[in-house]
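A short worksheet on the structure shown next.
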Amino acid sequence: MSTAKKDYKRVTVKSLVEMKANGEKISMLTAYDYTMAKIVDGAGVDVILVGDSASNVMAGHETTLPITLDQMIYHASSVIRAIDRALIVVDLPFGSYQSDPKEALRSAIRIMKESGAHAVKMEGGKEVKESIKRTLNAGIPVMGHLGLTPQSIYKFGTYTVRAKEEEEARKLKEDALMLEKIGCFAVVLEKVPAQLAKEVAESLTIPIIGIGAGNGVDGQVLVTHDMLGMTHEFNPRFLRRYLDLYTEMTNAFKKYVIDVKAVDFPNENEQY
Ligand code: KIV
């Protein structure tokens with residue numbers, strides 16, 4: 001498979017489909033604020049997801065359910081102000097699209113209008129088909145999300161690997177095909193067996209972005225705070241930590257406390 005990399009000045013939903021066709025893997029990370037988004041975008045990450053994982057990472061909730069549409073718009077607006085190149089996808093939060101297609105469209109329009117985002121993401125398959133279709137019909141690009149769907153955590157009860165059994169795997173394949181057919185530009189597959197994810201990726205022309213779904217898919221996504229090692233209670237097998245910022249930051253804060261207490265900070269060069 002080719003690893004040739006075309007130079008995209010600005011990543012669009014079309015670029016992602018082209019990347020898949022050219023065998024170029026897609027990189028995606030989360031960001032919820034201006035400073036982090038600036039670094040992630042500057043590093044050349046293709047897609048920035050303003051994920052509803054902000055509910056856990058930024059607000060300290062146990063699940064993604066409490067975050068509101070207004071809060072997602074606030075996070076997305078901060079991210080949009082930072083970026084030059086990446087495609088910005090924003091999660092529609094729990095309760096903003098499941099009840100009916102009109103509500104889904106209203107929520108998606110608010111995100112696009114008020115934050116300037118480029119696309120939205122919704123969790124689920126045929127249960128939310130009409131909501132996704134309505135949003136797509138208004139010209140708003142939609143990314144799907146199948147497998148482990150954290151907004152349904154109370155239905156499933158655990159965050160374990162999904163679609164290990166034949167029946168669930170069959171439904172997932174049908175849902176992925178349906179999402180492509182109705183016009184989604186990509187699908188996130190979370191925490192499913194690598195072989196299943198590979199089969200889904202090979203059967204579709206739109207990109208499959210995996211998280212805990214092996215390397216047979218078209219791209220990867222991680223929660224930035226997890227891959228930087230800022231969080232340390234969350235240790236799933238799929239998570240590769242590129243830094244141990246929890247320890248680095250703790251040591252820096254401890255050193256600061258020592259310096260302040262010892263009147264070592266500020267020194268003569270650090271004052272006016
Ligand atoms: O909210 C989020 O961060 C996500 C990713 C884990 C895919 O949906």
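When a residue number appears, it is its place in the shown sequence, counting from 1. Whatever order the structure lists them in is the order used to number ligands and atoms, beginning at 1.
Using a distance-only test at 3.5 Å, with no hydrogens or angles considered, a donor-acceptor pair links the side chain of Arg85 to the main chain of Tyr8.
Listed here is the closest heavy atom pair of Tyr246 and Thr250: O-OG1, 2.6 Å.
With ligand atoms numbered from 1 in the order given, ligand 1 contributes 1 (O), 2 (C), 8 (O) to contacts under 4.0 Å with heavy atoms of Asp91. Near Gly51, meaning under 4.0 Å from any of its heavy atoms, are these atoms of ligand 1: 1 (O), 2 (C), 3 (O). The ligand atoms of ligand 1 that sit less than 4.0 angstrom from a heavy atom of Leu49 are 2 (C), 3 (O), 4 (C), 5 (C), 7 (C), 8 (O). Atoms of ligand 1 lying under 4.0 Å from at least one heavy atom of His145, given by number and element, are 8 (O).
For Lys121, a nitrogen or oxygen atom sits less than 3.5 Å from a nitrogen or oxygen atom of ligand 1, counting backbone and side chain alike. Any N or O atom pair closer than 3.5 Å counts here, and Ser53 shares at least one such pair with ligand 1. Considering backbone and side-chain atoms together, Thr30 places no N or O closer than 3.5 Å to any N or O of ligand 1.
Note on Lys9 versus Asp84: no salt bridge recorded, every NZ/NE/NH1/NH2 to OD/OE distance being 4.0 Å or above. Between Lys129 and Glu174 no salt bridge is recorded (no basic side-chain N to carboxylate O distance below 4.0 Å). Electrostatic pairing of Lys198 and Glu202 counts as a salt bridge here, judged by a charged N lying under 4.0 Å from a carboxylate O. Salt-bridge formation is detected for the pair Arg170/Glu167: a Lys NZ or Arg NE/NH1/NH2 atom is positioned less than 4.0 Å from an Asp or Glu carboxylate oxygen.
Counting protein heavy atoms only, atom 6 (C) of ligand 1 is closest to Ile211 CD1, 3.8 Å.
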